[in-house]
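Okay, so here's the structure we're looking at.
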Amino acid sequence: MLSELLLTEISRLQGQSALPLHRQLYEALRRAILEGKLEPQERLPSSRDLVQDLHMSRNTVVAALNQLGVEGYLVSRVGSGTFVSAKVPLRPQQSARTLSHPAQQLSGRGVRLSTKFCASELEIQPFTPGIADFSAFPVALWQRLQNKHWRMTYPEMLDYSSSGGYAPLRRAVADYLRVFRSVPLDVEQVIITSGTQESLALCAQLLADHGDTVWLEDPAYWGAGKAFMATGLTVHPVPVDDQGMAPQPHDSASPPRLIYATPSHQYPTGAVMSLARRHQLLTLANQHQAWVLEDDYDSEFRFSGPPIASLAGLDTQGRVLYLGSFSKVLYPGLKLGYMVVPKGLAAAFKRAHYDLNRPGQMPVQAALAEFIDMGHFAAALRKARQSYAQRRQSLLTALQPCLGAHASISGAEQGLHLCLRLPDTLDDRALAQRLGALGLTVRPLSAYCLKRHDMRGLIIGYGYAPLAEIKRFGALLAHTLQHALGALGPG
Ligand SMILES: Cc1ncc(COP(=O)(O)O)c(C=O)c1O
């Protein structure tokens, strides 16, 4: 992310003057510091990583870093790296509060929220990850249900909802979670929200204070990173391996107040958290008196392997908050999700949710409750599962010739995307760009990484495009990948 920011700034500078490259890099870094895009005491990537990410010579990078060190913008600590100085010489006219463009009166936090760890631009094309096939949604039926509930609506239904949501919808969600996700719960623990994003914000606002630490998977879901950034939490990245989030003893030196995890299907690598890891995470949460936020965003779509129960189902100490969403199964614009909070927190969460967010949309919640109760949700899910299973298989078949010494697939058992793992010598961003130019939107795995630099790959979605398109464009995808992998030589 830093390298993207620097390269954008450098290309702007190149349009304005003919400064030597080390001076352009110096200026780009200096501006990032002064504008708050790099925070005081933030650690910079190593010069080796900068050389690699920016495609510049070591001399260029070292000259720029040295100059910033001399001027007091950066400090080096032997053995631990280079950091932005705690006493950045901010110039009032260029501080984070007043950016160079007068219309942009953003706070420092506003600058960070709008520039760091951003969702990629939404281009909906074959293989765009995270997008379901909304064309399959039964619009006519939904419209009938909506009309019915609007006709029956009484004045209280138009008010804000203070009770955690429409009671029959909370009951329907509770029944679903008990049966299909093994979440032991009482309906009073279910709170309807406007989606996972709101659930995450509520958890951060109510369970942690400004500056508290949240452990975030590395690589991570940008939406979670943003929710925690917005609430002033300190993000501590915990690397993920093929068994999910893998906390090491040194991580406990940054004790968490919150732990965010996607144990059923790590986003984006797709790793399934092993049972041993689940127990380790719950033990750590207990030791640190931390809350675990389990984001179970796509468990409705499991295609192979044994069913995976929720982490909440293993929790005997009431430390897990379970978060779910209707965005993938129905459609994201519905803006409805749910959380299951421990019994002792339910009343406080409902009260604060009411005060902070003024939840409502009761007629829509009523229509959804009936949609579930009448079996339409289960039917939609069955149909979607069948269709996605075929698309997934078609993509796997297309990718087969690419697999081998240089490439492997992870996380294809569940959800609407898979991860094609690539060697760390391959520039996955450039490859994703090349595919984008061909009309295929995939995301580079490295773009989801917070601190680590050892993961390359492509996140490839199969939810959006119809089967025929996956077949047709799958061949183009595989051909381009084979070409890129061929250039690496024999493995
Ligand atoms: C990891 C993850 N969590 C949650 C969600 C759903 O979020 P929301 O309910 O805010 O739409 C998504 C959607 O793409 C996701 O990828």
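Qualifying ring-ring contact (aromatic ring centres under 6.0 Å, His included) partners for Y464, counting only residues two or more places apart in sequence or in other chains: none. With sequence neighbours left out, the side-chain contact (heavy atoms from CB on, under 4.5 Å) criterion links D175 to R178.
Other residues, nucleotides and ligands contribute over 12 non-hydrogen atoms within 6.0 Å of the CZ atom of F303. Dense packing is recorded around CD of Q287, with more than 12 heavy atoms of other residues, nucleotides or ligands lying under 6.0 Å away.
You'll find the ring centres of H265 and F301 outside the 6.0 Å limit. The distance between the ring centers of Y462 and F127 does not fall below 6.0 angstrom. Between F137 and W142, the ring center distance clears the sub-6.0 Å criterion. Checked against the 6.0 Å centroid criterion, the rings of Y331 and F134 do not qualify as a close aromatic pair.
By the 4.0 Å N-to-carboxylate-O rule, K148 lies close enough to E370 to be salt-bridged with it. Ionic pairing of R31 and E9 is present here: one or more N-O contacts between side-chain nitrogen and carboxylate oxygen are shorter than 4.0 angstrom. Salt-bridge formation is not detected for the pair D209/R257: no Lys NZ or Arg NE/NH1/NH2 atom is positioned less than 4.0 Å from an Asp or Glu carboxylate oxygen. The pair K335-E198 does not count as a salt bridge, with every side-chain nitrogen at least 4.0 angstrom from each carboxylate oxygen.
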- [ ] Output, in order, the C-alpha distance, side-chain angles, deciding distance and verdict of salt bridge (Lys or Arg N to Asp or Glu O under 4.0 Å) for K116 and E39.
- [x] CA-CA 11 Å; K116 285 179 127 187; E39 291 169 62; 3.6 Å; yes

TODO: Would you sort out whether R170 and E188 count as a salt bridge (Lys or Arg N to Asp or Glu O under 4.0 Å), showing the intermediate values?
DONE: CA-CA 8 Å; R170 288 168 45 226; E188 285 312 308; 3.6 Å; yes

- [ ] Show the numbers, then the answer: is there a side-chain contact (heavy atoms from CB on, under 4.5 Å) between K350 and I191?
- [x] CA-CA 7 Å; K350 285 176 197 169; I191 297 174; 4.0 Å; yes

Task: salt bridge (Lys or Arg N to Asp or Glu O under 4.0 Å) evaluation trace for R421 with D242 - done: CA-CA 12 Å; R421 304 293 292 273; D242 60 359; over 6 Å; no

- [ ] Please lay out, stage by stage, how D428 and S446 fare under the test side chain to side chain donor-acceptor pair (under 3.5 Å).
- [x] CA-CA 7 Å; D428 56 358; S446 60; 2.6 Å; yes

- [ ] Starting from the C-alpha separation in whole Å, work towards a yes-or-no answer on side-chain contact (heavy atoms from CB on, under 4.5 Å) for L5 and L2.
- [x] CA-CA 5 Å; L5 186 86; L2 175 62; 4.1 Å; yes

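F371 and F377 have perpendicular rings, their planes meeting at more than 60° on a 0 to 90° scale where under 30° would count as parallel.
Atom OG of S85 is separated from atom CG of L74 by 8.5 Å, given to the nearest 0.5 angstrom. If you take CG on L334 and CD on Q365, they are separated by 9.5 Å, rounding to the nearest 0.5 Å. Atom CG of L275 sits about 12.0 Å away from atom CD of Q280, to the nearest 0.5 Å. Atom OG1 of residue T128 and atom CD1 of residue I459 lie 13.0 Å apart, to the nearest 0.5 angstrom. The CD1 atom of I460 sits 5.5 Å away from the CG atom of L395 when rounded to the nearest 0.5 Å. Between the CZ atom in R382 and the OG atom in S387 there is a gap of 14.5 Å [rounded to 0.5 Å].
Using a 4.5 Å heavy-atom threshold, the side chains of L169 and I372 count as touching. Side-chain contact between P363 and W150 is present, with at least one heavy-atom pair separated by less than 4.5 Å. Using a 4.5 Å heavy-atom threshold, the side chains of P247 and L281 count as touching. At a threshold of 4.5 Å between non-hydrogen side-chain atoms, the residues L29 and L44 count as touching. Within the 4.5 Å cutoff, the side chain of R278 has heavy atoms near those of the P263 side chain. At least one side-chain heavy atom of W215 sits under 4.5 Å from a side-chain heavy atom of L284. Under the 4.5 Å side-chain criterion, counting only non-hydrogen atoms from C-beta, L216 is in contact with L450. Looking at heavy atoms from C-beta onward, W291 lies in side-chain contact with L345 at the 4.5 angstrom threshold.
Counting only residues at least two apart or on different chains, the ring pair (Phe, Tyr, Trp, His ring centres under 6.0 Å) pairs with a member in residues 179-213 are Y176-F180.
Relative to the six-membered ring of F83, R77 meets both conditions, a distance below 6.0 Å and an angle of at most 45° to the axis.
Residues S199 and L323 share a closest heavy-atom pair of CB-CD2, 4.0 Å. Annotation for D315 and V320: closest pair OD2-N, 2.9 Å, computed over non-hydrogen atoms. For A132 against Y388, the heavy-atom pair with the smallest separation is CB-OH, 3.4 Å. Residues V292 and A285 approach most closely at CG2-CB, 3.6 Å, considering heavy atoms. The heavy-atom pair separating R392 from S304 by the smallest distance is NH2-OG, 3.5 Å. The two residues A220 and P268 have their closest heavy-atom pair at N-CD, 4.2 Å.
Remark: side-chain polar atoms of T234 are paired, donor with acceptor, to backbone N or O of G211 under 3.5 angstrom. Without hydrogens or angle criteria, R452 side chain to V240 main chain gives a donor-acceptor distance under 3.5 Å. Counting only distance, with no hydrogens or angles, the side chain of D218 and the backbone of K451 share a donor-acceptor pair below 3.5 Å. Side chain of R391 to main chain of A465: a donor-acceptor pair is present (N/O by atom type, distance under 3.5 Å, no hydrogens or angles). No donor-acceptor pair under 3.5 Å is formed between the side chain of K37 and the backbone N or O of T115. Between the R456 side chain and the H453 main chain, a donor and an acceptor come within less than 3.5 Å of each other. Side-chain atoms of N357 do not come within 3.5 Å of backbone N or O of Y354 as any donor-acceptor pair. S114 places a side-chain N or O within donor-acceptor distance of the main-chain N or O of G110, the cut-off being under 3.5 Å. With hydrogens and angles ignored, the 3.5 Å screen pairs no side-chain donor or acceptor of Q414 with any backbone N or O of G411. Checking side-chain atoms of S410 against main-chain N and O of G270 turns up no donor-acceptor pair under 3.5 Å.
Defined by atom type and a distance below 3.5 Å, a donor-acceptor pair is present between the side-chain atoms of D295 and Y260. Between the side chains of S299 and D296, at least one donor N or O lies within less than 3.5 Å of an accepting N or O. For H353 and T193, the side-chain atoms include no donor-acceptor pair closer than 3.5 Å.
The ring pair (Phe, Tyr, Trp, His ring centres under 6.0 Å) test with Y221 singles out one residue from F228, Y297, Y267, Y448, and that residue is Y267. Among Q266, R277, M273, the single residue meeting the side chain to side chain contact (heavy atoms under 4.5 Å, CB included) criterion with Q243 is R277.
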